[in-house]
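Notes follow once the structure below has been shown.
Heavy atoms only: backbone and side chains are in, while hydrogens, waters and symmetry mates are out.
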Amino acid sequence: RSANAGTKGVSGVLIFSSGSASSGNSGQVWMGTGAATSGRGGAVAITVGSGTSGVGGEVRVMAGRSTINTGGLLSLVSGEGTATTSGAVVIRSTNGGTAGLSGSLFFSTGTSKDSNSGSVYIGTGAATAGRAGAVVVSVGSGTSGVAGDVLVNAGRSTLNTGGTVRISSGEGTATTSGAVVIRSLNSGTKGVSGALYFSTGSTSSGNTGSI
């Protein structure tokens with residue numbers, strides 16, 4: 001650790017880095033705890049100290065950049081439970097204060113100049129002797145104003161056909177395939193249940209789409 005700063009300075013910086021290499025790979029940096037034979041392995045915690053002015057400090061994890069090949073992989077994997085359940089991976093923002101919002105979460109691929117941009121995959125693993133896990137996308141409840149929306153938009157193309165939105169139920173190879181349910185919820189005591197709209201877009205020159 002660096003020593004505490006004085007009244008008009010900042011505490012010293014800590015740098016953990018391998019040296020550069022002119023013809024070969026540079027060295028690796030490993031951080032971890034030792035194994036435990038009859039106990040729990042130690043945790044690795046990376047935290048930013050609190051402050052009383054300005055925006056809080058950042059934690060940045062970035063994989064390596066390559067000028068002639070694919071960039072480095074960033075992998076977040078929970079611990080294996082060889083006899084029971086594997087560990088969870090939790091990515092969330094902290095609760096907002098009394099005069100602010102909770103932080104946003106962004107899951108996005110980068111842009112591409114001369115090819116396709118990357119895909120985003122959200123799914124659960126297969127189960128050989130049980131039921132595969134569910135994928136749930138939900139909006140939290142609120143006590144004022146209109147509730148938050150769930151928006152699913154396919155891609156826009158300036159030269160070709162726009163992307164498709166496809167909702168398919170699961171296949172039942174031995175029995176029945178799953179149902180697809182699209183419905184609005186029941187209304188309260190002073191309202192009406194939500195409407196359902198199935199419509200194609202308009203067109204300025206040609207036929208509109210079919211339903």
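Heavy-atom minimum distance, Thr33 versus Gly41: OG1-C, 4.4 Å. Taking all atoms of both residues into account, the shortest heavy-atom contact from Ser169 to Ala179 is CB-O, 3.8 Å. The heavy-atom pair separating Leu105 from Ser93 by the smallest distance is CD2-N, 4.1 Å. Among all heavy-atom pairs drawn from Gly194 and Ser184, the shortest one is O-OG, 2.7 Å. Considering every non-hydrogen atom in both Val48 and Gly57, the closest pair reads CG1-CA, 3.7 Å. Contact detail for Gly191 and Ser187: the closest heavy-atom pair is O-OG, 3.2 Å.
Side chain of Ser177 to backbone of Glu171: no donor-acceptor contact under 3.5 angstrom is found.
Between Ile15 atom CD1 and Ser2 atom OG the span is 11.0 Å, to the nearest 0.5 Å. One distance of note links CG of Asn25 with CD of Gln28; it measures 8.5 Å at 0.5 Å rounding. Put simply, CZ on Arg183 and CG on Leu196 are 9.5 Å apart, with the number rounded to the nearest 0.5 Å. From Ile122, atom CD1 reaches atom OG of Ser119 across 12.0 Å, with rounding to the nearest 0.5 Å. Interatomic distance, Asn116 CG to Thr109 OG1, rounded to the nearest 0.5 Å: 10.5 Å.
Qualifying side-chain contact (heavy atoms from CB on, under 4.5 Å) partners for Ser75, counting only residues two or more places apart in sequence or in other chains: Leu73, Val77. Taking Glu80 as the reference, nothing meets the salt bridge (charged side-chain N to carboxylate O under 4.0 Å, His left out) condition, with sequence neighbours excluded.
Taking hydrophobic clusters as Ile, Leu, Val, Met, Phe, Trp and Tyr residues chained together by side-chain heavy-atom distances below 4.5 Å, Phe107 does not share a cluster with Val90. Residues Val59 and Leu76 fall into different hydrophobic clusters, defined by Ile, Leu, Val, Met, Phe, Trp and Tyr side chains chained together at heavy-atom separations under 4.5 Å. By the criterion of side-chain heavy atoms lying less than 4.5 angstrom apart, applied directly or through intervening Ile, Leu, Val, Met, Phe, Trp or Tyr residues, Val44 is not grouped with Val61; the two fall into different hydrophobic clusters.
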Apply the test side chain to side chain contact (heavy atoms under 4.5 Å, CB included) to residues Asn186 and Ser193: give CA-CA distance (whole Å), side-chain angles for both, the deciding distance (0.1 Å), then the verdict. CA-CA 5 Å; Asn186 300 333; Ser193 59; 5.8 Å; no
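A 4.5 Å side-chain heavy-atom check between Thr111 and Ser117 finds every atom pair outside the cut-off. Using a 4.5 Å cut-off on side-chain heavy atoms (C-beta onward), Ser11 and Asn4 make no contact.
Ser26 pairs with exactly one of Ser20, Ser18, Ser17 by the side chain to side chain contact (heavy atoms under 4.5 Å, CB included) rule, that one being Ser18.
Applying the 6.0 Å contact sphere to CG of Leu74 captures more than 12 heavy atoms from other residues, nucleotides or ligands. For Ile211, the CD1 atom sits in a packed shell: over 12 heavy atoms of surrounding residues, nucleotides or ligands are nearer than 6.0 Å. Heavy atoms of other residues, nucleotides or ligands lying less than 6.0 angstrom from CG of Leu14 number more than 12.
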